[in-house]
Structure formats: structure tokens, C-alpha cells
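Let me begin by presenting the structure, written as C-alpha cells, before commenting on it.
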Amino acid sequence: MPELPEVEGVVRSLQPVVAGKTIRHVEVSNTICTSINKGKACIIKGMDPETFSNRLKGTKIMDVERRSKYIYFYLEDGADEAILVNHLGMTGAWFHVHSLNEIKEEKFRKHIHVILAFEEDEFLVYADIRRFGELRLLDSIADHPPLLEIAPEPFSPGALEYFLMKSALPKYANKPVKEVIMDSHVVAGCGNIYATEALFRMKIHPNRKMARISEKRKKDLFAHIVAILQESIEAGGSSISDYRNINGEAGSMQNRLQMYGRKACPICHTNTKQMVIAGRNSVYCPHCQH
DNA sequence: CGCATCCTCCGGTTGC
DNA sequence: TGCAACCGGAGGATG
């Protein structure tokens, strides 16, 4: 499941191979078309697949960037500008290939949903096993207001102040700290893996209520979140649930995780415990974390 | 209107 | 071997 560092890895590997390329042809899977015809949500959001294809066709990808866990493809078609916004969900993946057979893993090859053709033998392919991902073609980010509500990038200058301000709001006071730091309105891009790790490093119990964490510890916690996200980006992300960048390369951060997925605490060797917080499984050390 | 809660999307994986 | 339960980002519907 890609979080901020993994999405950053995808964007860095996409950038050199798609910037400046023109989308000559677009193909959308029958699965998407039939699902949407049945009234279900399926990857392409806010637009019917035919309009999506027609509008994408002929556009040039000017730039690619990451925002939180989203990928923004900046497009131009003459004087017109648009943004293709992608979220990888649980199992989304991009592949840059000359033939679909180059996608070696069958479970991805079986679930190809959108093909962007640059040339007759050069494709950018979106595959998504569980179809939790999304593709949204917008004239402007403001056309999808939830994107405007996302907290600043964690590495940006105002991010700490924003975190301190948001997390102090009454509506978060009685919520578990883990739920709050995983909320994209408070911290951008911090999912289950990195929230778990940051709380372990801080020795804070994931269920501790937000109001019961001092300002000083909140600052430390945020610093730990930023540090671990940065560390993970440098390690190429965590290759859990088959995450690969578009060149099929795995990251190594999973080897450096101290609590996520662990049966015992690496410090005191107590068996870890689990509890469900905001619908997500949360691992912690009952001895070290309070 | 703001907010909280519930529900939906899916198939590989896991456990029985 | 077969089958059912499980898991989860984000947004939309509902209360």
C-alpha cells in the first residue's frame, strides 16, 4: 500500500520517462466501462470513460509531481491546461513499457485498466488489482475541493505550524493520536506504516488521546514523522504488498521498520499488541508505548 | 451548515 | 482442496 515515500518513488521514476510526451491514444478497460455503466465507482471518477479518453487524447504531459499521496500529471493541449490526478489506492501501479508483456507480474497484467499510448510501441499503463485507485481529469485542482483541504507537504516550512494548529482543534481532542496523524487534513501522506513507526519511536501509545499529548511532544512527534518519511524516501520506500516503482524496483524501508508488522518489540522483546483504530489495525508495544 | 458515522469500492491472502 | 472472512484510502450518503 503506497504511502507518501512510495508515491514519491513512483513520481521520481515517472518524471524522466513521461515529461514532454504526448498522449496519442487512450484505452480504458471494459471492466471500468461496465462497472461505471452499472453505477459503481471504478477508478475513473467524475467523468464518463469516453469523455476521459477524448479529453486526454492529444494532450502533452508537461510535468509530474506528488502532492500528499496523489500524483499530479500536468497536461497541456495547445492553450488548454488540465491536470490528471491519480491516487494509487491499495494496489495501483504505473508501468512504462514497449509491450504489455513486459508487465511480468500476472496479477498486475490481469488488471490493466488504462493505457496511455505515446507512440505505437511506447505505453504508460495503469494497473490496479483491487481498483481502489482513482483517476480524475480536472481543469483545475479547485474543481475537486477535497484536494484543497489536504495539509501542507510535511517537508514544507509551514507544515509543523499547521499540524500544531489543526491537531489542537476541539474535534480532534478526544481522538486517538494515530487517527489524527493519519488524517490527511492534519498531516499529509502519513499512512498506517509511518504513523505506527513514528509513534513507536516516540513511545506514544497509538490510542492516546490527542489532548493528552503536550505541545513539546507534539513537536517531537511531527519531527519524527518527517524524519521517517524522509528516511523512507531515501530507502526507496517500503516494499509491502508488492509495491514497486515503475521500473519494477523494490524499496528497502521494510527492513528498517521497527514496529509495523512485528510480533515482538525490538527493544524490550515483549510481544506486540494490536488494536483497531479508525478502522485500521494498529501495532504497538504495550511495555514501551504509553 | 458543520460534523460524525456509516457505507462502498475489490480480489489476493489468510485461516479454517 | 474449497470456501468465507478479512483488509483498507477516500469520498459520498445519511443522520
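Chain letters run A, B, ... following the sequence lines, proteins first, then strands; residues in each count from 1. The figures that follow rest on heavy atoms only: side chains count, while hydrogens, waters and symmetry mates do not.
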- Task: Sorted by first residue and then second, give each side chain to side chain donor-acceptor pair (under 3.5 Å) pair with at least one member in residues 266-276 of chain A; sequence neighbours left out.
- Result: A/Q274-A/N281
- Query: Nearest heavy-atom pair of A/L137 and A/A82: which atoms, and what distance?
  - Reply: CD1-CB, 4.2 Å
- Task: Could you tell me, to 10°, how much the axis swings from one end of the helix from B/dC3-C/dG15 to B/dC16-C/dG2 to the other, five pairs per end?
- Result: 50°
- Task: In sequence, state the C-alpha distance, the side-chain angles, and the governing distance for A/R136 and A/E134, and then conclude on salt bridge (charged side-chain N to carboxylate O under 4.0 Å, His left out).
- Result: CA-CA 6 Å; A/R136 219 177 267 276; A/E134 65 180 62; 3.2 Å; yes
- Item | Contact residues, residues 27-39 of chain A to DNA chain C [heavy atom, < 4.0 Å] | none
- Please state whether the phosphate of B/dG12, meaning OP1 or OP2, lies under 4.0 angstrom from any side-chain nitrogen or oxygen of A/H111. yes
- Within residues 134-154 of chain A, find the residues that approach DNA chain C with a heavy atom at under 4.0 Å, and present them sorted by residue number. A/R136, A/H144, A/P146
- Message: Tell me whether the count of non-hydrogen atoms from other residues, nucleotides or ligands lying under 6.0 Å of CG in A/N30 goes above 12.
- Response: no
- Note on the structure: Letter by letter from the 5' end, nucleotides 2-7 of chain C scores (B base, S sugar-phosphate only, - none; protein heavy atoms under 4.0 Å) -----B
- Query: Donor-acceptor pair, A/Q15 side chain versus A/E65 backbone, under 3.5 Å?
  - Reply: no
- Within a radius of less than 6.0 Å around NZ of A/K219, do more than 12 heavy atoms belonging to other residues, nucleotides or ligands occur? no
- Counting just side-chain N and O atoms, does A/H87 come under 4.0 Å of either OP1 or OP2 of C/dA10? yes
- Centroid distance under 5.5 Å and plane angle under 30°, A/F132 vs C/dA10: no
- Note on the structure: Atom CZ of A/R109 and atom C1' of B/dG11 are separated, to the nearest Å, by 17 Å
- Task: Measure from CE on A/M90 to C1' on B/dG11 and round the result to the nearest Å.
- Result: 11 Å
- Query: Under 4.0 Å between a side-chain N or O of A/K110 and OP1 or OP2 of B/dG12?
  - Reply: yes
- Query: Is it true that a side-chain atom of A/E153 and a backbone atom of A/A159 form a donor plus acceptor pair closer than 3.5 Å?
  - Reply: no
- Task: For residues A/C285 and A/C288, report the shortest heavy-atom separation together with the two atoms involved.
- Result: SG-N, 3.2 Å
- Length of the CD1-C1' vector between A/I44 and C/dG11, whole Å: 17 Å
- Message: Using a 4.0 Å cut-off on heavy atoms, which residues in residues 165-176 of chain A reach DNA chain C? List them by number, or say none.
- Response: none
- Message: Whole angstroms only, please: what is the CD-C1' distance between A/E105 and B/dG11?
- Response: 15 Å
- Query: Phosphate oxygens OP1/OP2 of B/dC10: is one of them under 4.0 Å from a side-chain N or O of A/K40?
  - Reply: yes
